[in-house]
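Reading through the structure tokens given below for one structure.
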Amino acid sequence: MRGKGAVGAVCLMCLLPAALLTGCRGQSGAPVGDARPTPATTGGYGAEFLAVGECSSFGATSFTEVPCASERAAAKVVARYDGAATDGPLCPATTDFVLHIGAQAAISPGYACMRDLEPPHPGDPGGGGGPRTIPGDCVYTSGAGEVRETRCDGSAEHRPQYRITETVAVVPPVCWTLAVS
């Protein structure tokens, strides 16, 4: 038993720096990870396109603004910022996805932090997704020096190997502290 524990500790010590490097923010403050930009199109509903509290539909290739009471409503804006996501503030921790809004007619470019109207919420701790990795999330090693987020309950394709227990501020990057699941 003692030999196996030592091997596990050595493996963890090898993987931990890789996980920390992958879990760090770049100098721009943008999270490093696999958050994918999602295009938005105008829907013509509110005075400001996708203002905080407004809703969007899910489309095959784009999203449109719809009344939140609509049967087409799928997600709600929890925060909205002008400019590029790499230059602006982070979305709230439990954001499910980020909707990138391109400049169109009277719409300034920006991004909307979105929360699905119904569960599951990939942005919740342990939910297996979202644009941010936060305490309570789980990750697995996906390659040399890389980790990816996965559902903590083990229901995703990849089983969790580590749980994020806290974030640690290190100037300039912000990194995660991991615990073995």
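Scored by the salt bridge (charged side-chain N to carboxylate O under 4.0 Å, His left out) test, D96 finds R115 as partners (sequence neighbours excluded). Taking R80 as the reference, D82 meet the salt bridge (charged side-chain N to carboxylate O under 4.0 Å, His left out) condition, with sequence neighbours excluded. Applying the salt bridge (charged side-chain N to carboxylate O under 4.0 Å, His left out) rule to D153 yields the partners R151; only residues at least two apart in sequence or on another chain are considered. Residues passing the side-chain contact (heavy atoms from CB on, under 4.5 Å) test with A74 are F58, sequence neighbours excluded. Shown here are the side-chain contact (heavy atoms from CB on, under 4.5 Å) partners of P89, two or more places apart in sequence or in another chain: Y81, Y111.
Between atom SG of residue C152 and atom CZ of residue R159 there is a gap of 11.5 Å, rounded to the nearest 0.5 Å. If you take CD1 on I134 and CG on L90, they are separated by 12.0 Å, rounding to the nearest 0.5 Å. Between the OH atom in Y162 and the SG atom in C138 there is a gap of 12.0 Å [rounded to 0.5 Å]. Remark: L99 CG to L50 CG distance equals 6.0 Å, nearest 0.5 Å. One distance of note links CD1 of I107 with CD1 of I101; it measures 7.5 Å at 0.5 Å rounding.
The two residues D116 and P122 have their closest heavy-atom pair at OD2-CD, 3.8 Å. In terms of heavy-atom proximity, A73 sits nearest to V66 at CA-CG2, 3.7 Å.
In the model, R132 has no side-chain atom that pairs as donor or acceptor with a side-chain atom of T94 under 3.5 Å. T141 and E146 are not linked by any side-chain donor-acceptor pair at a separation below 3.5 angstrom, with hydrogens and angles left out of the test. Side-chain contact annotation: E149 with T133, donor-acceptor N/O pair under 3.5 Å present.
For S70 (side chain) and R72 (main-chain N/O), a donor-acceptor pair under 3.5 Å exists by modelled atom type.
Pairs engaging residues 116-153 under the ring pair (Phe, Tyr, Trp, His ring centres under 6.0 Å) rule: Y140-H158 [sequence neighbours left out].
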Would you check, one step at a time, whether the test side chain to side chain contact (heavy atoms under 4.5 Å, CB included) holds for V139 with T150? CA-CA 5 Å; V139 295; T150 190; 5.9 Å; no
Go through it in stages, so that I can follow the logic: the residues are S56 and E65, the test is side chain to side chain contact (heavy atoms under 4.5 Å, CB included), and I'd like the CA-CA distance, side-chain angles, deciding distance and then a yes or no. CA-CA 4 Å; S56 74; E65 185 175 289; 5.8 Å; no
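Side-chain contact check for V77 versus M114: some heavy-atom pair is nearer than 4.5 Å.
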